[in-house]
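First comes the structure, then the notes that go with it.
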Amino acid sequence: MDSPTVTLPSNFIQNIINEDAKTGRHGGRVQTRFPPEPNGYLHIGHAKSICLNFGIAAENGGLCNLRFDDTNPSKEDVEYVDSIQEDVKWLGFDWGDRMFYASDYFPQLYEYAEKLIQMGKAYVCDLNAQQIREYRGTLTEPGRNSPFRERTAAESLDLFRRMRAGEFPDGTRTLRAKIDMASPNITMRDPVLYRILRATHHRTGDAWCIYPMYDYAHPVSDAIERITHSICTLEFEDHRPLYDWCVEMLDIYRPQQIEFARLNLTHTVMSKRKLRELVEQKLVSGWDDPRMPTISGLRRRGYTPEAIRDFCERIGVAKSNSLVDLEMLEHCIREDLNVKAARAMVVLRPLKVVVENYPAGVVEELTAENNPENPEMGSRTMPFSRVLYIEQDDFMEQPPGKFFRLAPGREVRLKYAYIIKCEQVIKDDLTGEVTEVRCTYDPESKSGGATSGRKVKGTLHWVAAEHALPVEIRLYDHLYKDGTAGDINGEAGQSALNPNSLVVLKQAMMEPGLAGTPVGSHYQFLRQGYFCADLESRPGFPVFNRIVSLRDSWAKAKQS
RNA sequence: UGGGGCGUAGCCAAGCGGUAAGGCUCGGGACUCUGACUCCCGCAUCGGUGGUUCGAAUCCAUCCGCCCCAGCCA
């Protein structure tokens, strides 16, 4: 499998690489890595990092590794390493045979740690977590040296070996780097390198009871893999001096860490912690619930890898905190689906239409294009008969100006069929609701026919009542900013736990013959926008998801 | 109030001393067997203030604003 080309627009990281190429800093080599911790599912924010890392490598003739940063067994699980691989692959990227785990390096990491101790650059500290915090100082006050800071290398080495041997309880001792307790950068105040932690690791089992911290494991892992450009997010900027310290002290390969701003999306919760909460509290069906901003959720919602990659290219890469408008993501999927998605007609809120001058019992087969944007997708036939359903919203008894759909005495075209004229309105005696519309059709106006040229203002979608299939349609409101409450991806994250964003419309009617459409197919319901089949959740029952807001000037006008 | 970052249109984002790319959104128009799509057109003097310069978004000074850091998480 070839990784797709992701063309990143001019960005500061590429500029750095260009500069490195000139100076020969990494011997002209480019090697990146995508290093997720397997403690949750990947989300759209990770997609940005994936496209960046694989994209930068590909564009510069380099390679990108997949590495699991699995140094904290208490949070990690194989379920996540599996899903991560699946998602990266689905996005279209290929790490070849370069899939690694930080845990692969535990023995090496341990050896290096002993080396640091022997060099007098690290020491075993007997302070507990509470005490370490107290000794660390604050943002404005320097810290104080640990009373164990000056113990001999020999003593630290002995203690460190015994830590590894399991002689001490969890949390009683740590291995710390000996740097500077007065550093204005808190990260440099003798950071912990190893902690004692009795937790079964998803790969190494109980082989270890001490685990390296990110700040130590990451630079060393990068060095081992000879990563040239270690791209991470902004919050690690303060850690860069420590990153450099590690590789310099150990005198190993020196990758350079480069930080960029993580992705934020309007109306979207991007914190793994909150997403996990939704899953654990069962407020969503799982990490891949279509309402989730996870890669797997987007996949089920009908997003394509192409659309997500395109999105990542368009948003760019920089160091300023940004909040990208969801419209950008929606634009990308609309653009991709517009040429790929097979259309189908579905009436969400049916209104009965009887074509009085059309003979009862006759069923006509009409031809409908599967995708007007893409003739290669062919066509299908649709049954037309005397009784039909149209959208309730497409009829108004007393239409205001500029409404050019069906109304008493007015004509509209039924897409791929005939022009009909409303002759009579039938209402419920009690409620006064319109229950049926009686029309006549113009036999000369059949679509595709020689005499079909007559123009009318509106065109409507429809289904034949007798043949239409009832389907359950689910509209996930996540991407629809119509002011409805209960969006699980609330702007402030406050409404994040409200599960009411799932709207189920059971009365929808769909044209026949399409209910068994394969997983992953997409539909565009004319005027309603795009919908995507989510058959994985309910085999046999198409479940649709509106992934684009109602792009209807009339609907907008009504709201204001 | 210690340290590290960042501030270009409603939202992203190029630009790196020579007189503001592009995309999204929005507004206007054309087209249309749905008002969608498509296609045209329109939309900023670069956080403020001083300075250097023939010339500054780009250099200097200063002020203001926002983000990150006090896990034995990553």
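Quick note on labels: first sequence line is chain A, next is B, and so on, each numbered from 1.
Rounded to whole Å, the C1' atom of B:U8 lies 16 Å from the corresponding atom of B:U19. A gap of 13 Å separates the C1' atoms of B:A9 and B:G23, to the nearest Å. For the C1' atoms, the distance from B:G10 to B:G27 is 13 Å, rounded to whole Å. A gap of 16 Å separates the C1' atoms of B:C54 and B:C59, to the nearest Å. Comparing B:G51 with B:G28, their P atoms sit 44 Å apart, to the nearest whole Å. The gap from the P atom of B:C37 to that of B:C26 amounts to 10 Å, rounded to the nearest Å.
Closest contact between the side chain of A:M328 and the listed nucleotides B:C12, B:C33, B:A70 involves B:C12. The listed nucleotides are B:A74, B:C69, B:C12; the one nearest the side chain of A:I186 is B:C69. Listed nucleotides: B:G23, B:C6, B:C37. Nearest to the side chain of A:E373: B:C37. Nearest to the side-chain atoms of A:N15 among the listed nucleotides B:C69, B:G3, B:G15 stands B:G15. Checking B:C12, B:G3, B:C73 against the side-chain heavy atoms of A:R195 singles out B:C73 as nearest. Taking every side-chain heavy atom of A:P184 into account, B:G3 is the closest of B:G3, B:U34, B:A36. If you check B:A74, B:C72, B:U25 against the side chain of A:E327, the one that comes closest is B:U25. Side chain of A:S10, nearest nucleotide from B:C73, B:G3, B:G15: B:G15. Here the side chain of A:M213 is nearest to one of B:U34, B:U25, B:C73, namely B:C73.
Contact annotation for A:G143: no contact, since no heavy-atom pair falls under 4.0 Å across all strands. Within 4.0 Å (heavy atoms only), A:I132 reaches at least one base atom of the nucleic acid. Within 4.0 Å (heavy atoms only), A:L139 reaches at least one base atom of the nucleic acid. Using a 4.0 Å heavy-atom distance criterion, A:T71 is classed as a sugar-phosphate-only contact. Within 4.0 Å of A:G171, counting heavy atoms only, lies at least one base atom of the nucleic acid. At the heavy-atom level, A:T187 lies nowhere under 4.0 Å from the strands shown. Using a 4.0 Å heavy-atom cutoff across all strands shown, A:A318 reaches sugar-phosphate atoms only and no base atom. Heavy atoms of A:R133 sit under 4.0 angstrom from primed sugar atoms or phosphate atoms, though from no base atom. At the heavy-atom level, A:Y211 lies nowhere under 4.0 Å from the strands shown. At a threshold of 4.0 angstrom between heavy atoms, the contacts of A:L127 include nucleobase atoms, whether or not backbone atoms are also involved. Nucleic acid contact for A:R413: base, since at least one base atom lies under 4.0 Å from a heavy atom of the residue. At the heavy-atom level, A:F236 lies under 4.0 Å from base atoms of the strands shown.
At whole-Å resolution of the value, CG in A:L323 and P in B:C67 are 13 Å apart. Note: NZ (A:K75) to P (B:C73) measures 8 Å, nearest angstrom. Regarding A:H331, its NE2 atom lies at a distance of 15 Å from the C1' atom of B:A13, rounded to whole Å. As a whole-Å value, the separation of A:D190 CG from B:C72 C1' is 14 Å. Taking atom CG of residue A:L234 and atom P of nucleotide B:G7, one finds them 10 Å apart after rounding to whole Å. Separating the CD1 atom of A:I196 from the P atom of B:C73 is a distance of 12 Å, rounded to the nearest angstrom. Atom CG in A:D215 sits roughly 13 Å away from atom P in B:C69 (whole-Å rounding). Nucleotide B:C72 holds its C1' atom 13 Å from the CZ atom of A:F160, rounded to whole Å.
Under the Watson-Crick or G-U wobble criterion, with both distances below 3.5 Å, B:U38 is paired with B:A30. Figure legend. B:U49 is base-paired to B:A61; pairs are counted as Watson-Crick or G-U wobble with both atom distances under 3.5 Å. The base-pairing partner of B:A21, taking Watson-Crick or G-U wobble contacts with both distances under 3.5 Å, does not exist among the strands shown. With a 3.5 Å ceiling on both atom-pair distances, B:A44 lacks any Watson-Crick or G-U wobble partner. The nucleotide B:C66 finds its pairing partner in B:G5, both defining distances of the Watson-Crick or G-U wobble pair being shorter than 3.5 Å.
In this structure, A:F100 and A:Y105 have tilted ring planes: the angle between them lies in the 30° to 60° band.
You'll find a donor-acceptor pair under 3.5 Å spanning the side chain of A:D238 and the base of B:G3, going by distance alone.
Side-chain N/O atoms of A:S74 include none lying less than 4.0 angstrom from OP1 or OP2 on B:C73. When the side-chain nitrogen and oxygen atoms of A:R262 are compared with OP1 and OP2 of B:C68, none of them lie within a distance under 4.0 Å. Side-chain N/O atoms of A:K319 include none lying less than 4.0 angstrom from OP1 or OP2 on B:G5.
With sequence neighbours excluded, the residues forming a side chain to side chain donor-acceptor pair (under 3.5 Å) with A:N65 are A:R98, A:E225, listed by chain and number. Annotation: salt bridge (charged side-chain N to carboxylate O under 4.0 Å, His left out) contacts of A:R262 (sequence neighbours excluded): A:E235. Taking A:K178 as the reference, A:E150 meet the salt bridge (charged side-chain N to carboxylate O under 4.0 Å, His left out) condition, with sequence neighbours excluded. A:E411 meets the salt bridge (charged side-chain N to carboxylate O under 4.0 Å, His left out) test with A:R454; sequence neighbours excluded.
A salt bridge does not link A:K75 to A:E37: none of the charged nitrogens lies less than 4.0 Å from a carboxylate oxygen. Ion pair A:E277/A:K274 not flagged as a salt bridge, since none of the NZ, NE, NH1 or NH2 atoms sits closer than 4.0 Å to an Asp/Glu carboxylate oxygen.
Remark on RNA chain B: of its neighbouring residues A:H218 and A:G449, the 5'-side contact belongs to A:G449, judged by nearest-heavy-atom nucleotide. Comparing A:T174 and A:E141 against RNA chain B, the residue whose closest nucleotide sits nearer the 5' end is A:E141.
Contact check of residues 39-49 of chain A against RNA chain B (heavy atom, cut-off under 4.0 Å) returns no residues at all.
Judged as a side-chain hydrogen bond (donor to acceptor under 3.5 Å, both in side chains), the pairs with a partner in residues 208-217 of chain A (not counting sequence neighbours) are, in order, A:D215-A:H239.
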Evaluation steps, ring-ring contact (aromatic ring centres under 6.0 Å, His included), between A:F236 and A:H218:
CA-CA 11 Å; A:F236 292 106; A:H218 206 85; 7.6 Å; no

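A:S103 and A:D70 share a side-chain donor-acceptor pair at under 3.5 Å. Checked by atom type, the side-chain pair A:Q257/A:D222 shows no donor-acceptor distance below 3.5 Å.
Annotated as syn: B:G71, whose glycosidic dihedral is within 90° of 0.
From A:I196, atom CD1 reaches atom CE of A:M163 across 4.5 Å, with rounding to the nearest 0.5 Å.
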